[in-house]
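I have placed the structure first, in the form of structure tokens, so that the comments after it can refer back to it.
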Amino acid sequence: MITITFPDGNVREYMRGITGFEIADSISKSLSKSAVAIEFNGQQKDLYDPLNENGTIGIITMKEDAGLEIMRHTLTAQVLARAVKNLYPTAKLAIGPTIENGFYYDIAFEKAISSDDLERIEKEMRRLLGAGNNITKKIVSKMDAIELFQNREETYKIDIIERADSAEYQIYCQEDTDFIDLCRGPHLPSLKKIGAFKLLKLAGAYWRGDSSNEMLTRIYGTAWRDEKELKAHLTQIEEAEKRDHRKLGKEMDLFHLQDEAQGSIFWHPKGFTIYNEVEGYIRRRLRDSGYNEVKTPQLMDQKLWEASGHWEKFGENMFVTPDVVPNTTEGEPIFKEESQNFMAIKPMNCPAHVQIFKQGVTSYKDLPIRLAEFGCCHRNEPHGALHGLMRVRQMTQDDAHIFCREDQITAESVHFCDLLQKVYTDLGFQDLNIRLALRPEKRGGTETTWDKAEEGLRSALKQAGLPFEEDEGEGAFYGPKIEFHIKDAIGRSWQCGTLQLDFILPERLDATYIGEDGEKHRPVMLHRAILGSLERFIGMMIESYAGKFPLWLAPTQCVIATITGSADPYAQELYQKMWDAGVRVELDIRNEKINYKVREHSVKKVPNIFVVGAREAEERTVAIRRLGGKDQDIMPVDDAISDLIQKSRPPY
RNA sequence: GCUGCUGUAGCUCAGUGGUAGAGCGUUCCCUUGGUAAGGGAGAGGUCGGGAGUUCAAUUCUCCCCAGCAGCACCA
């Protein structure tokens, strides 16, 4: 007999070898009916796995998220994979995991498939589900597992097995078919329990995530408990797509991109208003946090980048220009002779900041020195990486470098995390994903320095009360880093803020300070950005506010809209008054109905419309229509203006 | 960079082996209307670029460019 403990603390005795299904059945028929798998001693197992030891059991049903995930997993591994093999027998299966809201399967097709095939596959999947086969499994040795898949020429499965160091492998089968799949499970006991699903898209993906490997075809899908949940999810995706910053940027006339400057933003007046407000805000924050703003060259001799190490390490992502006068004679080459000297357009500000640090002599008493720059950087990003404002080739960071002593690292890091938190709160971002990237394989510096650096950042995060995850091997070659990620409208994660410790660059560029002992010492350098690139951060803001910016950021804070032409003089007077008071105001005295004007400005997401007609002109009032509201609010002019100005104050 | 898809008017998109259409916007006219689209008329396109097949290409083929999705990359 074995002793089974239930989540509520109850204990029961069962025969050795009993299954989760039988245990569920011994509790209630309805439970065994809804059970899809079990969790036994913290590990998920199939419903029909025999239990041979004492343990704690939890019955997983589709109600739990764990059950939903098992369903998604079964759907991709058993149904999508089988449907593909039925339709394309020569296709080779690679891996098919679950992801947030769904699943994918990576498959090598003999011939490329397209979205039409997606429909065929989905149809075949539904056909297979109709039969509602039971799923069974067998456990085989490594040799047998390899043989099984060799017979089917499933080379990727063989690769997976060969790389694994387990002695036993689980092979899932479906009754009445010869379909098999290698999987660590668990799976649903039967296809009858699959809920509602939809295949979404096709994309390429490298085998084992390595770009030197061949590219497979990845089929993405989403799956839910029932049609209602599925529909809700699809609606949510549609809603999220409406918040896409590229779409809103066009609709709200904020910026554009064009072929001749791919990856670089043309900021329109309205977009640049937001940009300037954000920059002004962060500039005030930095000034009051002990930073000194600087401006450094855009073009610097390539030799400096060699000295800093960037040339060797990141040269491929840099733009260079020969230091010669171009030849403008038509039909002749632009460069008559090959240039001996090259200038590089800066991809980062750090080497330049070191140059400023190195001017004169710095005492230990001067540290920390915090140099900030809204530095415009160019990075030669791969074409496929470019993405609206989120990934650009020309960007401006709220960049700063802190030169400090080793004993100041933790205090500076805590100081930074505090500042970052204040900024993110002000700008409406609460949902941060913070990652601490630790020493990579290829790295500079000693183990002791790395220990100190990693612990410095770790304790700073703890002191700042920020939850974080650690990523082994993801740090920069010069030091560990903290990354602050935010998700965009459709759930893609982008790094915005960052804090990086650097022991290497001061060494390479020979930065020193004079210590208490009168000797030269190396400062530590902290690379840090709160917003990251202003372009990306504004992109995130457009999506998180869905274009409905708070007043202090709204490109147009107020439109004065007239009802009849007779109110025009009054509206003009009002407009001048507000303009003089510094309000970002527009005047709409077009010969259009007020309905039309209200709609148009609402669609453009103008936060306030001051509606004026004959009555308002007579009484010297305005009828305020606020974005999203249905009602109007009648106020005397001066009250309305001072109220608007009051509400337009930046958070700092 | 890789895989797949897309590229037609300012925007969103339809369409065809015989050089093109809608809605919105824009211009002009009428309308002065009280809180999410008043009516009418007009202008506007080398159908992403290049080459090929064809009597004829926006349509078919190839190459290039760009965009989108994902992957890889992201100092």
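Note on naming: letters A, B, ... go to the chains in the order of the sequence lines (proteins, then strands), and numbering restarts at 1 for each one. Keep in mind that what you see is a predicted model, and the values were worked out from it rather than measured.
- Within the nucleic acid shown, A:Gly209 comes within 4.0 Å of sugar-phosphate atoms alone, with no base atom in reach, counting heavy atoms only.
- At the heavy-atom level, A:Gln258 lies nowhere under 4.0 Å from the strands shown.
- Residue A:Lys250 is in sugar-phosphate contact alone, with no base atom involved, counting any heavy-atom pair closer than 4.0 Å across all strands shown.
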How does protein contact run along nucleotides 2-10 of chain B, one letter per nucleotide 5' to 3', with B for base contact, S for sugar-phosphate only, - for none, heavy atoms under 4.0 Å? BBS------
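- For B:G34, its base sits under 3.5 Å from the side chain of A:Glu616 at one donor and acceptor pair at least.
- For A:Gln632, no side-chain nitrogen or oxygen approaches OP1 or OP2 of B:U35 to under 4.0 Å.
- For A:Val598, taking side-chain heavy atoms from C-beta onward, the closest of the listed nucleotides B:U35, B:G67, B:C74 is B:U35.
- Annotation: cation-pi pair A:Lys92/A:Tyr156 absent, no NZ/CZ under 6.0 Å from the ring centroid and within 45° of its normal.
- Of the C1' atoms belonging to B:C65 and B:G49, the separation is 7 Å, rounded to the nearest Å.
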How would RNA chain B look in dot-bracket form, 5' to 3', counting Watson-Crick and G-U wobble pairs with both distances under 3.5 Å and writing | for bases paired to another strand? (((((((..((((....[..)))).(((((.......))))).....(((((..]....))))))))))))....
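- The side chain of A:Glu592 approaches B:G38 more closely than any other nucleotide in the set B:U35, B:G67, B:G38.
- Remark: A:Glu592 CD to A:Lys597 NZ distance equals 7.5 Å, nearest 0.5 Å.
- Between B:A36 and B:G42, the distance separating the two C1' atoms is 28 Å to the nearest Å.
- Here, B:C11 and B:G45 have their P atoms 14 Å apart, quoted to the whole Å.
- Residue-level contact check: A:Ala623 touches the bases, meaning some heavy atom is under 4.0 Å from a base atom.
- At a threshold of 4.0 angstrom between heavy atoms, the contacts of A:His387 are confined to the sugar-phosphate backbone, with no base atom among them.
- At the heavy-atom level, A:Lys313 lies nowhere under 4.0 Å from the strands shown.
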With sugar-phosphate taken as primed atoms, P, OP1 and OP2 and all else as base, the protein-contact string of nucleotides 41-48 of chain B at under 4.0 Å (heavy atoms; B, S, -) is --------
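- Here A:Tyr104 lies out of heavy-atom contact (under 4.0 Å) with every strand.
- In this model, the phosphate group of B:A36 is approached by a side-chain N or O of A:Arg625 to a distance below 4.0 Å at OP1 or OP2.
- For the pair A:Lys247 and B:C11, the criterion of a side-chain N or O lying under 4.0 Å from OP1 or OP2 is not met.
- Among the atoms of the strands shown, none is found under 4.0 Å from any heavy atom of A:Glu251.
- At the heavy-atom level, A:Arg218 lies under 4.0 Å from the strands shown only through sugar-phosphate atoms.
- Counting only heavy atoms from C-beta on, A:Tyr596 has its side chain closest to B:A37 among B:A37, B:A75, B:U35.
- Using a 4.5 Å heavy-atom threshold, the side chains of A:His387 and A:Val392 count as separate.
- Using a 4.0 Å heavy-atom distance criterion, A:Arg492 is classed as a sugar-phosphate-only contact.
- To the nearest 0.5 Å, atoms CZ (A:Phe255) and CZ (A:Phe266) are separated by 12.5 Å.
- Taking atom C1' in both B:G25 and B:G67, one finds a spacing of 23 Å when rounded to whole Å.
- If you check B:G25, B:G67, B:C74 against the side chain of A:Arg379, the one that comes closest is B:C74.
- For the residue pair A:Thr90 / A:Lys111, no side-chain donor-acceptor distance below 3.5 Å is found, with atom types taken as modelled.
- Checking B:C73, B:A75, B:A36 against the side-chain heavy atoms of A:Ala385 singles out B:C73 as nearest.
- In this structure, A:Arg391 is not positioned above the aromatic face of A:Trp494 in the sense of NZ or CZ being under 6.0 Å from the six-membered ring centre and within 45° of the axis.
- One P atom belongs to B:U27, the other to B:A72, and the distance between them is 48 Å to the nearest Å.
- Nucleotides B:C47 and B:A41 are separated by 28 Å at their P atoms, to the nearest Å.
- Using a 4.0 Å heavy-atom cutoff across all strands shown, A:Thr564 reaches at least one base atom of the nucleic acid.
- Comparing B:C74, B:A75, B:U26 by their nearest atom to the side chain of A:Arg590 picks out B:U26.
- At a threshold of 4.0 angstrom between heavy atoms, the contacts of A:Asp631 with the nucleic acid are absent.
- Atom C1' of B:A9 sits at a distance of 11 Å from the matching atom of B:C13, rounded to the whole Å.
- Here A:Lys346 lies out of heavy-atom contact (under 4.0 Å) with every strand.
- Taking 4.0 angstrom as the limit, A:Arg246 places a side-chain polar atom (N or O) nearer than this to OP1 or OP2 of B:A69.
- Comparing B:A37, B:G33, B:C73 by their nearest atom to the side chain of A:Lys593 picks out B:G33.
- With B:A75, B:A69, B:A36 as the candidates, the nucleotide lying closest to the side chain of A:Lys201 is B:A69.
- None of A:Phe503, A:Tyr478, A:Phe416 except one satisfies the ring pair (Phe, Tyr, Trp, His ring centres under 6.0 Å) rule with A:His527; the exception is A:Tyr478.
- B:A51 sits 13 Å from B:U59 when the P atoms are compared, rounded to a whole Å.
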